[in-house]
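Just below is one structure, and these are the notes that go with it.
In this chain, numbering begins with 1 at the start of the sequence shown. Counting starts at 1 for both ligands and their atoms, in listed order. Just so you know, these numbers come straight off a predicted model, no measurement behind them.
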Amino acid sequence: MPSLLVSKSGPLKGEVVISGAKNSVLPILAASLLTDDTSRLDDIPDLEDVEVMCELLEHFGSKITREGSHITIDNNSIANTSAPYELVRKMRASFLVMGPILSRFGSVKISLPGGCAIGTRPIDLHLKGFASLGADITLGHGYIEARADRLRGNRIYLDFPSVGATENIIMAAALADGLTIIENAAEEPEIIDLANFINSMGGSVRGAGTDTIKIEGVKCLSGASHTIIPDRIEAGTFMVAAAITGGDIILKNVIADHLRPVEAKLKEAGISIYELDDGMRVTVERPLRPIDLKTLPYPGFPTDMQAQMMALMCVLPGTSIITETVFENRFMHVSELKRLGARIKIEGRSAIIEGVKRLTGTDVRATDLRAGAALLIAGLYADGTTRVRDIYHIDRGYERIEEKLKALGANIERTQ
Ligand code: EPZ
């Protein structure tokens, strides 16, 4: 099985170009199903999850051509509105095709999404949203079916500001009759990117990025061209890698506003961050100190950066505390970090991290995408060599991560 061998590395130095955002391109690929026209997307990252979503679209009948980071999707001959288990189980985000297919074709059948390492990850809020728009939802034999002669706009309150539910409901409402208002909506930058794409198709989505989003349904949508926003979580991951190695790097293709919570917490730990005209500089100019953080829906500290920050906290002098409020089981990386010599205690939804001076490389395994990134970060600091296994998790969400890290001076190799 392929793995990544990371050895103790000196301070990371140099420039890294951030790729397009995984969590933006996935809903936008799904949204391309809202039209029978052709759409063109740029700054598409080369990720396993993008491959899976394209495979799913092709299963429906999309014709996809890819040239480097550009992708063209022709949805003129969609012949199928059912998504099988073997495709959906690969990636939870597959469920994002439900809203657009229901909206455009009036019926959709999709396998229940698989759970994953970070919790059960229900879809009740998605289904409640579709039902509020007039869809009949039936569950049976591991599949969900939704049918509606015509979706009608409605006011929907989300019990939790779910990113996926917000996205799925926006896409379902885009071709519904009348006005839909989503309250307590997710405010992530990826929601704004999706709204911008739908609006460039001729849709009417207002208020994305706030907790109240209004979607005026339209009769039909046309194809559009769109450039995907930079991946704020990849950027944050490299910021932490620079911090743990005492490095000095420049991030290119970043939107500083999307990184405010990460920037605030890294600065609190003593890391210097400078906004440049064309990027951000991250460097360590003074001794670092422990911090406490709580993950929250955007604009709070992102749960997708929790594991990476924990890796840094393992070597900050003193006690740091992380509280995970978004997912009920997102501490799978704790036991792997402890194999490297970290001192971490879990108490309910919090992890208490006692900083240590040394970590020692050994075999560990990625339990999910961000946990894998955290182990690479810890491996840059640990004495000796750390072998990170199950790196397919990492390849789902990081484009050429070992090449980008190696270019910054990291000692990292991919082995077969
Ligand atoms: C998106 O997942 C991201 N994935 C996740 O990134 C990210 O961690 C998450 O948002 C939170 O920011 C993509 O965008 C493809 P949620 P999503 O619905 O939409 C509960 C990564 O590492 N919930 O906001 O699945 C759920 O159980 C991935 O890139 C319900 O209860 O997240 C969780 O506790 C990991 N009912 C919380 O809401 C529902 O119907 C947040 O989930 C839906 C969600």
Side-chain angles (χ1 to χ4, degrees), residues 19-31 45 47-50 52-53 56 88 90-99 112-132 137 144 156-172 182 184-194 211 228-229 231-237 258 261-262 295-309 324-333 349 366-374 393-399 401:
S19 302
K22 168 180 84 78
N23 292 349
S24 185
V25 69
L26 294 176
I28 286 175
L29 281 169
L47 300 174
E48 184 56 32
D49 273 10
V50 171
V52 171
M53 185 59 91
L56 186 55
V88 175
K90 290 182 186 175
M91 179 182 67
R92 173 184 166 74
S94 309
F95 204 66
L96 291 172
V97 302
M98 193 161 189
L112 276 167
C116 72
I118 58 177
T120 52
R121 302 185 72 184
I123 49 170
D124 55 313
L125 299 176
H126 300 240
L127 300 180
K128 269 168 71 177
F130 297 149
S132 301
I137 311 279
I144 295 169
I156 297 166
Y157 178 83
L158 289 178
D159 305 358
F160 182 88
S162 155
V163 171
T166 301
E167 292 166 341
N168 239 335
I169 295 165
I170 287 173
M171 293 188 278
I182 306 173
N184 197 29
E187 304 179 27
E188 274 71 3
E190 293 76 24
I191 307 277
I192 300 173
D193 211 26
L194 172 65
D211 64 358
I228 302 295
I229 57 169
D231 194 319
R232 60 193 169 97
I233 304 303
E234 183 194 19
T237 303
H258 295 172
V262 176
T295 67
L296 287 166
Y298 197 91
F301 189 89
T303 176
D304 292 347
M305 280 298 302
Q306 181 255 104
Q308 300 92 309
M309 287 299 281
E324 172 58 60
T325 73
V326 176
F327 287 103
E328 81 271 10
N329 175 26
R330 199 169 194 174
F331 284 148
M332 305 284 279
H333 40 282
R349 302 200 77 153
T367 47
D368 70 75
L369 162 61
R370 308 302 174 185
H393 285 294
I394 299 174
D395 292 335
R396 289 187 51 188
Y398 288 96
E399 185 177 36
I401 192 162

- request: Using a strict cut-off of less than 4.0 Å between a Lys/Arg side-chain nitrogen and an Asp/Glu carboxylate oxygen, indicate whether Glu234 and Lys22 qualify as a salt bridge.
  value: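 Salt bridge between Glu234 and Lys22, a charged N being under 4.0 Å from a carboxylate O: no.
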- prompt: Is the closest basic N to carboxylate O distance between Arg92 and Asp49 below 4.0 Å?
  reply: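 Salt bridge absent between Arg92 and Asp49.
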Just jot down the ligand 1 atoms closer than 4.0 angstrom to any heavy atom of [X], in number order.
X      : value
Leu125 : 36 (N), 39 (C), 40 (O)
Arg330 : 8 (O), 22 (O), 35 (C)
Ile123 : 39 (C), 40 (O)
Phe327 : 8 (O), 9 (C), 33 (C), 34 (O)
Leu369 : 21 (C), 22 (O), 29 (O)
Gly164 : 18 (O), 19 (O)
Arg92  : 25 (O)
Lys22  : 21 (C), 29 (O)

message: Can a donor-acceptor pair be found, under 3.5 Å and without considering hydrogens, that links the side chain of Arg349 to the backbone of Phe327?
response: yes
Options [options], ranked by nearest heavy atom to [atom], top entry:
atom                    : options                        : answer
atom 14 (O) of ligand 1 : Ile191, Val25, Asn23           : Asn23
atom 33 (C) of ligand 1 : Val326, Asn168, Thr166, Asp124 : Val326
atom 16 (P) of ligand 1 : Leu96, Val163, Leu127          : Val163
atom 43 (C) of ligand 1 : Pro27, Pro297, Ala165, Pro122  : Pro122

Distance (rounded to the nearest 0.5 Å) between [X] [atom1] and [Y] [atom2]:
X      : Y      : atom1 : atom2 : answer
Thr325 : Arg330 : OG1   : CZ    : 11.5 Å
Asn23  : Leu194 : CG    : CG    : 12.0 Å
Thr237 : Gln308 : OG1   : CD    : 4.0 Å

Side chain, backbone, both or neither: which part of [X] has a heavy atom under 4.0 Å from ligand 1?
X      : value
Glu190 : neither
Arg370 : side chain
Asp304 : side chain

- prompt: Run the side chain to side chain contact (heavy atoms under 4.5 Å, CB included) check on Ile191 and Tyr298 step by step: do they pass?
  reply: CA-CA 11 Å; Ile191 307 277; Tyr298 197 91; over 6 Å; no
field: Over all atoms of both residues, closest heavy-atom pair of Leu158 and Ile182
entry: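 Closest heavy-atom pair between Leu158 and Ile182: CD1-CG2, 3.9 Å.
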task: For Pro161 and Ala186, work out which heavy atoms get closest and say how close.
output: O-CB, 3.4 Å
message: Evaluate Glu190 against Arg232 for salt bridge (Lys or Arg N to Asp or Glu O under 4.0 Å), listing each step before the verdict.
response: CA-CA 10 Å; Glu190 293 76 24; Arg232 60 193 169 97; 2.8 Å; yes
